[in-house]
**Q** 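Got a structure here, written out as structure tokens. Questions coming.
In this chain, residues are counted from 1 in sequence order. Atoms within a ligand are numbered from 1 in the order they appear, just like the ligands themselves. Keep in mind that what you see is a predicted model, and the values were worked out from it rather than measured.
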Amino acid sequence: MTADADSIKIPGAPGPEPAPLDEPTQPRGPLPPKPDQSGPDTYTPTGAPTTTPQDAVAQQGERLTTAQGAPLRDTDHSLKAGRRGPVLLQDHHLREKITHFDHERIPERVVHARGAAAHGVFVANGEAERYTSAAFLKAGTTTETFVRFSTVLGSRGSADTVRDTRGFATKFYTSEGVYDLVGNNIPVFFIQDAIKFPDIIHAGKPHPDREIPQAQSAHDTFWDFVSLHTEAQHHTIWNMSDRGIPRSYRMMQGFGIHTFRLVKTEADGSLATTLVKFHWRPRLGTHAVTWEEAQLISGKDPDFHRRDLADAIEAGAYPEWDFGIQVFPDTEDQTFHGIDLLDPTKIVPEELAPIVVVGTMTLNRNPSNYFAETEQVAFHPGHLVPGIDVTSDPLLQGRLFSYLDTQISRLGGPNFGQLPINRPHAEINDMLRDGMHQTVVHRGVAPYHPNSLDGGCPFPAMVTGGEAFTDVPQPIQQDVVTREQPASFDDHFSQARLFYRSLTPVEQLHVKQAYAFELGKVYEQAIKERQLQCLANIDAELCAFVANELGLPAPAPTEVVPDVEISPALRMVTDVAWPADGRQVGIVVDDDTDASAVASVRETLHAAGVTPLVIAPHGGKVGGLDVQRSFHTATSVELDAVIVLAPAVDPRVLELLREAFRHDKAIGVSSDAEPLLPDVGVPATAPGVVTGDAAAVAAGVLDLLPAHRVWAREGV
Ligand code: HDD
């Protein structure tokens, strides 16, 4: 079909308004922007106004153009030699469109490829001012942030709920430049020296011959590595705990892992230093899904964590974390209570060094473009600001090289800092020039220092004065050049034991089951035996359980591991009543359910900050109420609790309830629906099962949600 040029109304051009069009593909005015897409790129995705006209180049005006701005008449048909003829090489628009498409993907991150992110703000309470001059940590200072959460091992399209460590990387756009805290949800790391990073990652990634299994550690090469490199045992036991399968990114702790050095400029100009470890503590508590649930979610909703984060923010349930530091004196030996602060496989229990909260972060805005923001964001532990410095932790030292290096290949050159999401919200005046993807037009003729042509600009702070990044003079050990490490790094088991013995019985049970599952997937007998040997050194009872599951004898310990003082702060299961914000509760109804009872249950849940989902035999409406899920689309794993207000004997509902019960979720059943419980195999007297009228059931379920799960069902 050919279009008559005169019949096409160009939006914005003078002329009578066209009649409403049925067909959305015909020319018309642009759609109104969504709230988070405020129009052309005159603001960076982080909200900072762009400063030069060159910055604002995307999506201007209403007409479709080429990349060079030439208006286009047709983008749906290639230029052909006749209607049925071959396509012509002269079709420059076709070639531009296809060529650009061919290059749409950039290399995925070699680790942490799968992620989800959000914008936020950090507000400092001033508690850190005693230790650091960092401007963003001064009382009352508000700083924009961007946080990317991730899994480590999986590819970009892998499932969210695999058993893995989670990345927790935060970009603070401070007034003194960007500060990146690139941490994880587990406070220790697999290795002590960055030179081993390629080894652990090669072992954890899918086997190179068949490229399976995807995004998981339940395979031979992973267990081969961690059983041979026993320094990995501490991190591994955290992975085997429920920390490896979080309920939500909103319900994870974050850790900077390494010890960092805070620097404060005193009144007399001298520098005072303090060693610290950084912590993020979620206001919603730290919670997990169960292992069976995690596996089911991987199939039913591989985007579970990504969806949860975006939905919560869109619904206004903004997740919050307190940011805290553990503080240690900067002594020459850099140990605290005998714990080597430079060893990234060690924690300092909170009972020995309590966390001082120094501010709070709220994530309050979803990215508007995944690629531009979540994919192109580039973190680097070397993005430091005045007042925060690194230590000689050999893992951190290697990271200082690796991240800058990886961004150059991943983002195509050294100018990745100019991408909107990476732009500092502080003035930049560097003498870096040119390079691939240079997008700014530098002025002047003298990008060197000192110069006498550009007025001498820019000037270092030693000339201008003011706070600046200062390298703290550090004594270096009188030692020889060596490929060795301190003897304190040789203790590989005491903190794995500390972690395991500090957990509650139900958490310990999950650790045992996780080892049994993962090692059960290993083929090589020698690897299973070697890992059992490690478990014998951690805890005899843990080892005996796993050995029994594997059908192998439990070995005796080979190392004398000191007894440990347990740390209750390491537990996820606590007596704290956590807020239920953003939790999802299913309400099962049928066409005969009293609509007013359903409406009032929904109201009660809403009022408690919980999202109710009405589940009915069909979509559309039931009793005038909107249905969110049909029996066909409902799944237990997206719910934190279920309320049944109908004697629905549909097998899908029975299965949903069985799963919810197995996964320790609160279940509320109205009196008329109670007869279905025997079919589910659940006694009405079982822990976490509430019966009564609709109002009583809703109240009972709300009482159970703050504990996250009904742990009593596990019988330990
Ligand atoms: Fe790393 C990405 C966290 C050790 C090399 N790392 C990356 C991300 C997180 C971490 C959260 C994703 C950032 C994002 O969302 O873009 N990595 C850690 C932590 C470590 C750690 C907490 C130890 C305490 N990493 C580590 C070592 C090396 C790397 C020892 C190399 C020597 N990490 C990288 C990398 C990545 C990365 C290859 C991949 C993509 C990227 O950097 O931007 O450079």
Side-chain angles (χ1 to χ4, degrees), residues 106-119 145-156 160 164-172 178 180-205 229 231-232 234-236 238-239 243 246 249 252-260 277-280 305-306 309 341-347 367 370-383 390-412 416-417 419 421-422:
I106 60 172
E108 67 173 32
R109 289 167 173 81
V110 57
V111 284
H112 297 265
R114 168 95 187 154
H119 297 271
T145 59
F146 186 72
V147 178
R148 183 174 180 274
F149 302 105
S150 49
T151 51
V152 180
L153 290 175
S155 299
R156 241 188 92 177
D160 280 345
D164 197 357
T165 305
R166 298 299 185 288
F168 190 137
T170 308
K171 200 174 266 301
F172 296 84
V178 166
D180 285 348
L181 182 60
V182 196
N184 281 341
N185 75 328
I186 288 178
V188 287
F189 205 63
F190 286 108
I191 48 170
Q192 294 161 319
D193 188 321
I195 200 167
K196 298 211 64 62
F197 192 67
D199 302 306
I200 171 67
I201 299 305
H202 290 168
K205 284 275 186 180
H229 298 264
E231 71 205 47
H234 189 197
H235 190 157
T236 306
W238 280 75
N239 282 117
R243 306 271 179 159
Y249 288 138
M252 287 188 336
Q253 275 172 279
F255 303 92
I257 299 174
H258 313 283
T259 300
F260 291 85
K277 283 186 181 286
F278 290 116
H279 294 251
W280 290 111
H305 285 153
R306 187 179 280 195
L309 180 67
L341 296 172
L342 298 191
D343 179 353
T345 67
K346 302 290 185 327
I347 60 159
Y370 186 89
F371 182 82
E373 301 170 73
T374 312
E375 193 61 9
Q376 293 202 117
V377 65
F379 293 95
H380 173 25
H383 290 162
V390 297
T391 57
S392 306
D393 172 342
L395 190 70
L396 177 56
Q397 294 279 317
R399 293 180 76 194
L400 292 171
F401 166 75
S402 181
Y403 288 69
L404 180 56
D405 187 47
T406 208
Q407 310 310 353
I408 291 170
S409 83
R410 196 171 70 81
L411 296 168
F416 60 86
L419 291 166
I421 192 66
N422 296 323

**Q** Considering residues at least two apart in sequence or located in another chain, which fulfil the side-chain hydrogen bond (donor to acceptor under 3.5 Å, both in side chains) criterion with Arg166?
**A**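 Applying side-chain hydrogen bond (donor to acceptor under 3.5 Å, both in side chains) to Arg166 gives none.
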**Q** Give me the pairs of N or O atoms, one from ligand 1 and one from the protein, that sit under 3.5 Å apart.
**A**
{"unit_1": "ligand 1", "atom_1": "6 (N)", "unit_2": "His112", "atom_2": "NE2", "d": "3.4"}
{"unit_1": "ligand 1", "atom_1": "6 (N)", "unit_2": "Tyr403", "atom_2": "OH", "d": "2.7"}
{"unit_1": "ligand 1", "atom_1": "15 (O)", "unit_2": "Arg148", "atom_2": "NH1", "d": "2.7"}
{"unit_1": "ligand 1", "atom_1": "16 (O)", "unit_2": "Arg109", "atom_2": "NE", "d": "2.8"}
{"unit_1": "ligand 1", "atom_1": "16 (O)", "unit_2": "Arg109", "atom_2": "NH2", "d": "3.2"}
{"unit_1": "ligand 1", "atom_1": "17 (N)", "unit_2": "Arg399", "atom_2": "NH2", "d": "3.3"}
{"unit_1": "ligand 1", "atom_1": "17 (N)", "unit_2": "Tyr403", "atom_2": "OH", "d": "2.7"}
{"unit_1": "ligand 1", "atom_1": "25 (N)", "unit_2": "Tyr403", "atom_2": "OH", "d": "2.7"}
{"unit_1": "ligand 1", "atom_1": "33 (N)", "unit_2": "Tyr403", "atom_2": "OH", "d": "2.8"}
{"unit_1": "ligand 1", "atom_1": "43 (O)", "unit_2": "Gln407", "atom_2": "NE2", "d": "2.8"}
{"unit_1": "ligand 1", "atom_1": "44 (O)", "unit_2": "Ser402", "atom_2": "OG", "d": "3.2"}

**Q** Taking the six-membered ring of Phe255 as reference, does the cationic atom of Lys277 (NZ for Lys, CZ for Arg) lie under 6.0 Å from its centre and within 45° of its axis?
**A**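 So Lys277 doesn't make the cation-pi contact.
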**Q** So, using side-chain contact (heavy atoms from CB on, under 4.5 Å) as the criterion, who are the partners of Ser155 when residues are at least two apart?
**A**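 With sequence neighbours excluded, Ser155 shows a side-chain contact (heavy atoms from CB on, under 4.5 Å) to Glu108, Gln214, given in chain and number order.
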**Q** May I ask you to check whether His112 and Arg148 show a side-chain donor-acceptor distance below 3.5 Å?
**A**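 Note: His112 and Arg148 side chains miss the donor-acceptor criterion.
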**Q** Restricting to non-hydrogen atoms, name the atom on Gln376 and the atom on Leu411 that form the minimum distance, rounded to 0.1 Å.
**A**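 Shortest heavy-atom separation between Gln376 and Leu411 comes out as O-CD1, 3.6 Å.
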**Q** Going by the rule side-chain hydrogen bond (donor to acceptor under 3.5 Å, both in side chains), which residues pair with Thr151 if we only count those two or more places apart in sequence or in a different chain?
**A**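 Listed in chain order: nothing, the list is empty.
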